[in-house]
Amino acid sequence: KQQLLDPSSGGQVWIHHWGEAYQPQLGPLRSFLESRPDKFQVVPGLGNKFTVELVGQAAGSSQPAGPPAASAGGWDPVVASAIREIKQQLLDPSSGGQVWIHHWGEAYQPQLGPLRSFLESRPDKFQVVPGLGNKFTVELVGQAAGSSQPAGPPAASAGGWDPVVASAIREIKQQLLDP
C-alpha cells in the first residue's frame, strides 16, 4: 500500500520475496491483488504488465480519499461481523447455501454495499453460485458443497483474520504509501 501512495511508484508494486514468503499460500502477486477488490484495483497495461491503485485512493494523490478506513490496519470490525454472520448461516446445513441477513441494509450496506456485491468482493471467503435471474447461492471457500464441516484442516483465516494475508497486504500498502 505504501508503494501505491508514493507518486513516484507509478502504481507499480514489487515484493522481492513474494515467491518464497507468500506465493505458496496466496498464489501469484497479481492474482492476490485481483482477489482483494476491497483493497486494490489492478489496472491492465501492455502485455502482462499492470499497475495497482488503492481502493478509495485518488489517482496520483499521496493522501487517501476521505477519512481513513477502519480497515487501514488490516482488520475492520464491520467486515468481520458481516463475515461471521454469513459464515454462521452457511455452516447451518439447513441453509442450502442461502444467505439472508434481515438487517443488512441498516447494519452493513452503508459501508459494505449490497450483500451480493460484498460476497463477490471476498473470493477468499465465499463463492457466489449464480442461479436463475438474480438468484444465487453461496459456498464457503474450502468447504465441500453440502457439508457442514470444512474440507481439510481449518484454515488460519477461519476466525476472519489470516496472518499471511495481513502481512502481504501490509507489505503491498507500505510500497504504495512510501514516499
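Just so it is clear, the structure is predicted and the values come from calculations on it, not from any experiment.
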Open item on the list: I want to check something: taking the side chain as every heavy atom from C-beta on, are L112 and V79 in contact at a cut-off of under 4.5 Å?
Closed with: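 L112 vs V79: side chains touch.
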Could you grab the distance from atom [atom1] of [X] to atom [atom2] of [Y], nearest 0.5 Å is fine?
X    : Y    : atom1 : atom2 : answer
L119 : S121 : CG    : OG    : 8.0 Å
I83  : L90  : CD1   : CG    : 11.5 Å
Q23  : S31  : CD    : OG    : 8.5 Å

Open item on the list: Once side-chain contact (heavy atoms from CB on, under 4.5 Å) is applied, do any residues pair with H103, and if so which ones, sequence neighbours excluded?
Closed with: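 In terms of side-chain contact (heavy atoms from CB on, under 4.5 Å), with neighbours along the sequence ignored, H103 is linked to E85, I101, E106, A107, Y108.
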Open item on the list: According to side-chain contact (heavy atoms from CB on, under 4.5 Å), who are the partners of T137, at least two apart in sequence or on a separate chain?
Closed with: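 Partners of T137 under the side-chain contact (heavy atoms from CB on, under 4.5 Å) test: Q98, V129.
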Open item on the list: Looking at every heavy atom in both P24 and G19, which two are closest together, and how far apart are they?
Closed with: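 Reported closest heavy-atom pair: CD-O, 3.2 Å.
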Open item on the list: Check whether Q89 reaches the backbone of W100 with its side chain - one donor and one acceptor, N or O, closer than 3.5 Å.
Closed with: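 A pair under 3.5 Å: yes.
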Open item on the list: E34: which residues meet the salt bridge (charged side-chain N to carboxylate O under 4.0 Å, His left out) condition with it, sequence neighbours left out?
Closed with: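 Scan of E34 (salt bridge (charged side-chain N to carboxylate O under 4.0 Å, His left out), adjacent residues dropped) gives R30.
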Open item on the list: Go through it in stages, so that I can follow the logic: the residues are R122 and I86, the test is side chain to side chain contact (heavy atoms under 4.5 Å, CB included), and I'd like the CA-CA distance, side-chain angles, deciding distance and then a yes or no.
Closed with: CA-CA 12 Å; R122 295 308 305 258; I86 294 164; over 6 Å; no
Open item on the list: Test: ring pair (Phe, Tyr, Trp, His ring centres under 6.0 Å). Region: residues 112-132. Which pairs qualify, not counting sequence neighbours?
Closed with: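 Only W104-F118 qualify under ring pair (Phe, Tyr, Trp, His ring centres under 6.0 Å).
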